[in-house]
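What you see is a predicted model; the values in this text were computed from it and never measured. Just follow the structure's listing: the first ligand is 1, and inside any ligand the first atom is 1.
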Amino acid sequence: MQFQTIIEPFRIKSVEPIGLSTEEERVRFLKEAHYNPFLLRSKDVIIDFMTDSGTSAMSAHQWAGVMEGDEAYAGSRSWERMQQAVQELTGMEHILPTHQGRAGERIVYGHLGGPGKVFISNTHFDTTRANIEFTGATAIDIPIKENEDTALLHPFKGNMDTAALERLLKEHKGNVGAVILTVTNNSGGGQPVSMANAKEISSICRHHGVLLMLDCCRIAENSYFVKHREQGMENLSYREIAQRMFALTDGAVMSAKKDAFANIGGFIAFKDAALAEACTNLLIITEGFSTYGGLAGRDMEAIAIGLQEVFDPHYLQYRIKSTAFLGDRLTELGVPLMLPIGGHAVYIDAKKLYPHIPPAQYPGQALVCELYRIGGIRSVEIGSVMFGTYAEDGSLKPARMELVRLAIPRRVYTQSHIEYVAEAFGEVMRRKDKARGLKIMKEPKFLRHFTAHFETL
Ligand code: F0G
């Protein structure tokens with residue numbers, strides 16, 4: 001018999017209590033946090049969908065690996081295991097450990113960037129963009145145009161617009177730092193990138209002699225979609241699909257806090273020895289020696305094991321289907337979503353949910369606040385708070401989309417947690433005409449969403 005119920009393919013061995021609170025208490029907590037979920041205390045959150053990054057439950061095997069961690073400063077056994085796991089997966093020879101994804105970004109894009117340089121991506125993640133812009137370079141996003149229509153169904157809505165890529169490479173000839181393919185396309189709705197798109201980008205980059213980097217932090221989730229949605233890919237394993245995608249690129253940066261089930265960690269991988277050497281010099285100055293790069297031996301063990309576990313077909317099926325399950329429940333309630341549902345998160349189109357709140361009053365942030373007040377659910381705005389900029393006259397130049405992300409930590413929540421979230425959304429929908437926008441009272445220059453203070457209008 002073929003069962004319809006997809007179960008969590010694990011049992012729970014160790015539990016962590018969730019602190020429950022009342023709506024009245026949460027109204028106060030939210031005010032104290034200046035209406036910014038990054039300023040809430042985790043103990044005041046019931047369901048934490050802020051991020052899938054570093055929040056995974058590690059397996060018994062990973063915890064056993066933690067005890068095996070070799071904490072030697074140089075030449076640690078744990079580094080050898082991590083290095084080998086990354087080499088086998090990426091097919092790249094030169095591997096540099098980093099303490100997380102953005103540390104790798106700072107090193108690689110710090111080396112390749114600088115004033116006048118241009119970086120092109122299907123969509124830069126916020127830290128990627130910030131690290132590029134911090135060097136004085138420019139980051140340009142060119143997702144396919146289908147990406148912007150949240151309701152439109154497209155199997156690979158994370159793809160890059162290759163005609164725009166050709167045009168930009170000609171326009172910025174000699175000044176392109178790198179092309180960066182982000183899989184899955186996190187800021188573009190967690191949407192996957194097809195192998196065909198990666199192949200085309202790769203051949204365009206080779207033709208123009210431009211470096212192609214893979215931001216591969218959700219490479220296993222992306223491989224799931226490729227296998228199930230792309231013709232000719234169905235007979236490959238998830239791991240083989242990932243390996244083929246790496247083979248099309250010149251290098252990769254990974255935040256191991258996602259698809260390696262690690263609580264911290266990352267790496268840079270290169271085919272080219274000279275690039276690796278230049279980056280290793282920077283690594284040693286700021287991250288640590290080249291055999292630990294800011295990580296403890298135990299972290300490197302967890303990463304080496306996690307990179308194997310994540311390609312387990314039962315896990316990946318549960319992962320993608322359980323994300324879709326939340327999406328389906330919200331669709332039934334009439335919540336406007338980014339469709340189809342992506343891998344690690346469900347994205348709500350706040351512009352459609354709250355048509356009465358203009359982008360300059362941050363409809364996404366309004367929903368983030370509602371979700372917390374109603375259900376103690378923590379989420380993140382991916383819209384004009386995160387990506388908005390100011391015109392010369394001081395008015396807001398809004399982001400392309402006003403999304404709210406419910407990112408699902410790996411192997412952490414069960415189906416009843418998800419049912420609870422759906423129930424809270426029922427109430428969000430009932431109160432939707434009463435929701436109000438916000439204004440920013442205080443903000444830093446870079447990555448303002450982390451620390452900005454808001455007030456309700
Ligand atoms: N690239 C992508 C696509 C990411 O999603 C992230 C992090 C990074 C790079 C940076 O990695 O956090 O280890 O420094 N994304 C997290 C998120 C923070 O919530 O989506 P990091």
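Contact analysis leaves Ala407 out of contact with ligand 1, as no non-hydrogen atom separation drops below 4.0 angstrom. Put simply, no part of His344 is less than 4.0 Å from ligand 1, judged by heavy atoms.
Against a heavy-atom cut-off of under 4.0 Å, Arg405 is close to the following atoms of ligand 1: 17 (C), 19 (O), 20 (O). For ligand 1, the atoms closer than 4.0 angstrom to any heavy atom of Lys257 are 13 (O). Within ligand 1, the atoms closer than 4.0 Å to a non-hydrogen atom of Gly101 are 11 (O), 13 (O), 14 (O), 21 (P), numbered from 1 in the order shown. The distance from ligand 1 to the heavy atoms of Ser255 drops below 4.0 Å at these ligand atoms: 11 (O), 13 (O), 21 (P). Interface of Thr182 with ligand 1, defined as ligand atoms under 4.0 Å from a residue heavy atom, comprises 3 (C). Counting atoms of ligand 1 from 1 in the listed order, those under 4.0 Å from a heavy atom of Glu105 are 1 (N), 9 (C). Of all the atoms in ligand 1, the ones that sit under 4.0 Å from a non-hydrogen atom of Thr51 are 16 (C), 17 (C), 19 (O).
Of the protein's heavy atoms, Thr127 OG1, 3.4 Å lies nearest to atom 10 (C) of ligand 1. Closest protein heavy atom to atom 21 (P) of ligand 1: Gln100 NE2, 3.3 Å. Scanning the protein for heavy atoms near atom 15 (N) of ligand 1, the closest one is Lys258 NZ, 2.9 Å. Considering only non-hydrogen protein atoms, atom 8 (C) of ligand 1 sits nearest to Phe125 CD2, 3.5 Å. Shortest contact from atom 12 (O) of ligand 1 to any protein heavy atom: Arg102 NH2, 2.9 Å. Closest to atom 1 (N) of ligand 1, if we only count protein heavy atoms, is Asp215 OD2, 2.6 Å. Looking at atom 5 (O) of ligand 1, its nearest protein heavy atom turns out to be Asn186 ND2, 2.8 Å.
Tested against Arg218, the residues Asp52, Thr184, Asp259 include a single side chain to side chain donor-acceptor pair (under 3.5 Å) partner, Asp52.
Taking only nitrogen or oxygen atoms, main chain and side chain alike, Arg218 reaches within less than 3.5 Å of ligand 1.
The distance between the ring centers of Tyr238 and Tyr224 falls below 6.0 angstrom. A distance of 6.0 Å or more separates the ring centres of Phe119 and His124.
Using a 4.0 Å cut-off between a side-chain N of Lys or Arg and a carboxylate O of Asp or Glu, Arg81 and Glu301 qualify as a salt bridge.
With no hydrogens or angles considered, no side-chain donor-acceptor pair links Ser202 and Lys199 at under 3.5 Å. Between the side chains of Thr414 and Glu8, no donor N or O sits under 3.5 Å from an acceptor N or O.
Side-chain N or O atoms of Arg411 include one that pairs as donor or acceptor with a backbone N or O of Ala57 at under 3.5 Å.
Atom OG1 of Thr55 sits about 8.0 Å away from atom OH of Tyr413, to the nearest 0.5 Å.
The side-chain heavy atoms of His94 and Thr280, taken from C-beta on, include no pair separated by under 4.5 Å.
Residue-environment remark: CD (Glu71) exceeds the threshold of 12 foreign heavy atoms within 6.0 Å. When the shell of 6.0 Å around CZ of Phe134 is examined, it contains 12 or fewer heavy atoms from other residues, nucleotides or ligands.
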